[in-house]
Amino acid sequence: MIIDTTEIQAINSFSRSESLKEVYGLVWLLVPIFTPIVGITIGVLVIVWLEREISAGIQQRIGPEYAGPLGILQAPADGIKLLFKEDLLPSRGDVRLFSIGPSIAVISILLSYLAIPFGYRFVLADLSIGVFLWIAISSIAPIGLLMSGYGSNNKYSFSGGLRAAAQSISYEIPLTPCVLSISLLSNSSSTVDIVEAQSKYGFWGWNLWRQPIGFLVFLISSLAECERLPFDLPEAEEELVAGYQTEYSGIKSGLFYVASYLNLLVSSLFVTVLYLGGWDPYIPYIFIPELFGINKTSGVLGTTTGILITLAKAYLFLFISITTRWTLPRMRMDQLLNLGWKFLLPVSLGNLLLTTSSQLLSL
């Protein structure tokens, strides 16, 4: 039997091309998954660096400056250090709950980024219930904290987990009427529709001016959700007992810090989307569209500009959060719960009632 070498070469080249197509398709399948994760990770590292630099400036001291230029590699160095530290497990604790808790806290917050529009139609999932999906998913994170405290077999850790769950429930309830008020004003719960409803009127159409009371309640509630000072009672990292993460070390301890900063970033982005016009470039005295000759449908340049504007607004809110941490003292637990249940909840319900009444009168 005579085998033609040209046919063999053709078969081999065909199989190689098919293999390359499969690899190419697999790469393009993974790119949309890993690109947001890499971007979010870089955003968290920037927040950590900014917090250290801003706190150093407030306290009139030198911040990180040796790890890389201007100390920008300090946060990655800390992450690598935690990655290689020994992972200790409590001898009499529930190892499964102890290990799963930090993962649930991180994954539930990562899922919240699905509904955030970074630019015009630049969103992972444009859902009709985008803002309420965020509230529903963020409610899962305290379960991970409670599991961590219970699995540690430590009274201090368990009480810290209970305090985290109580705080989260107390401040998610006032948060929801604020989001519902925005949905009523925009006639939609989609984050993309909410931004477009604000962009119709430019800077003065931002919900910040239409919902000032809701903005303040949302601001305070989001700080409490992120467990930031003056609401960091479940963790209280300056004290000897670190709440639900007392027994944690190594990368599991680092996951709690990652979850905290992820939650802070996603809260800042939702403040931008709900109250500050999102990617809307029309800001008084800063004529970005006229300066660059772009609009929201001008392709790559317009999308890039929208992303940069969204991040700039989000990091402005982050600056306020970081400054608040180094300015205000920590509240007591009874003061924290009284603020949530006796003040913020009635105010948010009253704001929802006013919003509903104004919408009915405008019909």
Side-chain angles (χ1 to χ4, degrees), residues 51 88 90 92-94 96-109 112 134-176 217-249 252-267 321-322 324-348:
E51 179 150 37
L88 301 176
R92 298 184 180 180
D94 192 321
R96 288 178 297 178
L97 293 180
F98 187 83
S99 302
I100 294 174
S103 303
I104 291 178
V106 173
I107 293 172
S108 61
I109 298 172
S112 302
W134 166 55
I135 294 177
I137 292 176
S138 63
S139 304
I140 303 175
I143 299 176
L145 305 183
L146 188 60
M147 291 169 60
S148 303
Y150 181 79
S152 298
N153 193 25
N154 183 324
K155 291 183 291 184
Y156 299 105
S157 299
F158 185 52
S159 63
L162 290 175
R163 285 193 296 180
Q167 178 172 322
S168 178
I169 293 171
S170 300
Y171 284 89
E172 276 179 5
I173 296 177
L175 199 69
T176 306
V217 175
F218 191 96
L219 181 68
I220 297 172
S221 300
S222 60
L223 285 177
E225 279 283 304
C226 300
E227 298 175 8
R228 302 282 297 181
L229 269 169
F231 306 105
D232 68 333
L233 285 171
E235 179 187 347
E237 62 183 11
E238 295 87 355
E239 298 178 2
L240 295 177
V241 180
Y244 53 82
Q245 58 176 338
T246 301
E247 300 293 337
Y248 281 89
S249 62
K252 289 190 178 71
S253 177
L255 286 177
F256 283 119
Y257 287 102
V258 170
S260 175
Y261 284 108
L262 283 173
N263 202 6
L264 183 60
L265 180 59
V266 75
S267 298
S321 303
I322 293 170
T324 303
R325 174 177 181 178
W326 302 100
T327 306
L328 300 178
R330 181 181 297 118
M331 302 175 67
R332 296 197 314 265
M333 192 65 187
D334 60 325
Q335 293 174 335
L336 184 143
L337 294 177
N338 285 335
L339 177 66
W341 289 101
K342 296 182 180 180
F343 181 74
L344 293 182
L345 179 58
V347 169
S348 63

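None of the values given here were measured: they were computed from a predicted structure.
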Which residues pass the side chain to side chain donor-acceptor pair (under 3.5 Å) test with E247, sequence neighbours left out?
N154
Pairing residues for S159 by the side chain to side chain donor-acceptor pair (under 3.5 Å) criterion, not counting sequence neighbours:
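Testing S159 for side chain to side chain donor-acceptor pair (under 3.5 Å), a comparison that skips the adjacent residues, returns none.
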Atom pair [atom1] ([X]) and [atom2] ([Y]), whose distance is rounded to the nearest 0.5 Å:
X: I104; Y: L255; atom1: CD1; atom2: CG; value: 12.0 Å
X: S99; Y: D94; atom1: OG; atom2: CG; value: 9.0 Å
X: K155; Y: T246; atom1: NZ; atom2: OG1; value: 13.0 Å
X: L262; Y: I107; atom1: CG; atom2: CD1; value: 11.5 Å
X: L339; Y: L345; atom1: CG; atom2: CG; value: 11.0 Å

Can you list everything that forms a salt bridge (charged side-chain N to carboxylate O under 4.0 Å, His left out) with R332? Sequence neighbours excluded, please.
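R332: salt bridge (charged side-chain N to carboxylate O under 4.0 Å, His left out) contacts with D334.
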Ignoring hydrogens and angles, tell me if any N or O in the side chain of S249 forms a donor-acceptor pair with the backbone of L88 under 3.5 Å.
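Between the backbone of L88 and the side chain of S249 there is a qualifying donor-acceptor contact (under 3.5 Å).
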Minimum heavy-atom distance between [X] and [Y], given as atom pair plus value:
X: N263; Y: V266; value: O-CG1, 3.2 Å
X: S170; Y: L337; value: OG-CD2, 3.3 Å
X: S168; Y: P142; value: OG-CG, 3.0 Å
X: S148; Y: G144; value: OG-O, 2.8 Å
X: I109; Y: A141; value: CG1-CB, 4.4 Å

Taking the side chain as every heavy atom from C-beta outward, state whether [X] and [Y] have any pair of such atoms under 4.5 Å apart.
X: I100; Y: L97; result: no
X: I322; Y: R228; result: yes
X: L145; Y: E227; result: yes
X: F231; Y: R330; result: no
X: M147; Y: F98; result: no
X: S321; Y: L223; result: yes
X: E172; Y: S139; result: yes
X: C226; Y: S260; result: no

Residues which pass ring-ring contact (aromatic ring centres under 6.0 Å, His included) with F256, listed by chain and number, not counting sequence neighbours
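If we apply the ring-ring contact (aromatic ring centres under 6.0 Å, His included) test to F256, skipping adjacent residues, the hits are Y244, Y248.
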Who passes ring-ring contact (aromatic ring centres under 6.0 Å, His included) against Y150, sequence neighbours left out?
F158
Determine, step by step, whether N338 and F343 satisfy the side chain to side chain contact (heavy atoms under 4.5 Å, CB included) criterion, reporting the C-alpha distance in whole Å, the side-chain angles of both residues, the deciding distance to 0.1 Å, and the verdict.
CA-CA 7 Å; N338 285 335; F343 181 74; over 6 Å; no
Donor + acceptor pair across side chains of E225, S138 (<3.5 Å)
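No - no donor-acceptor pair under 3.5 Å links their side chains.
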Are Q245 and K252 close enough, and set up right, to give a side chain to side chain contact (heavy atoms under 4.5 Å, CB included), and what steps lead you there?
CA-CA 9 Å; Q245 58 176 338; K252 289 190 178 71; over 6 Å; no
Among all residues two or more places apart in sequence or in another chain, which pass the side-chain contact (heavy atoms from CB on, under 4.5 Å) test with S221?
Y171, P174, L175, V217, L344
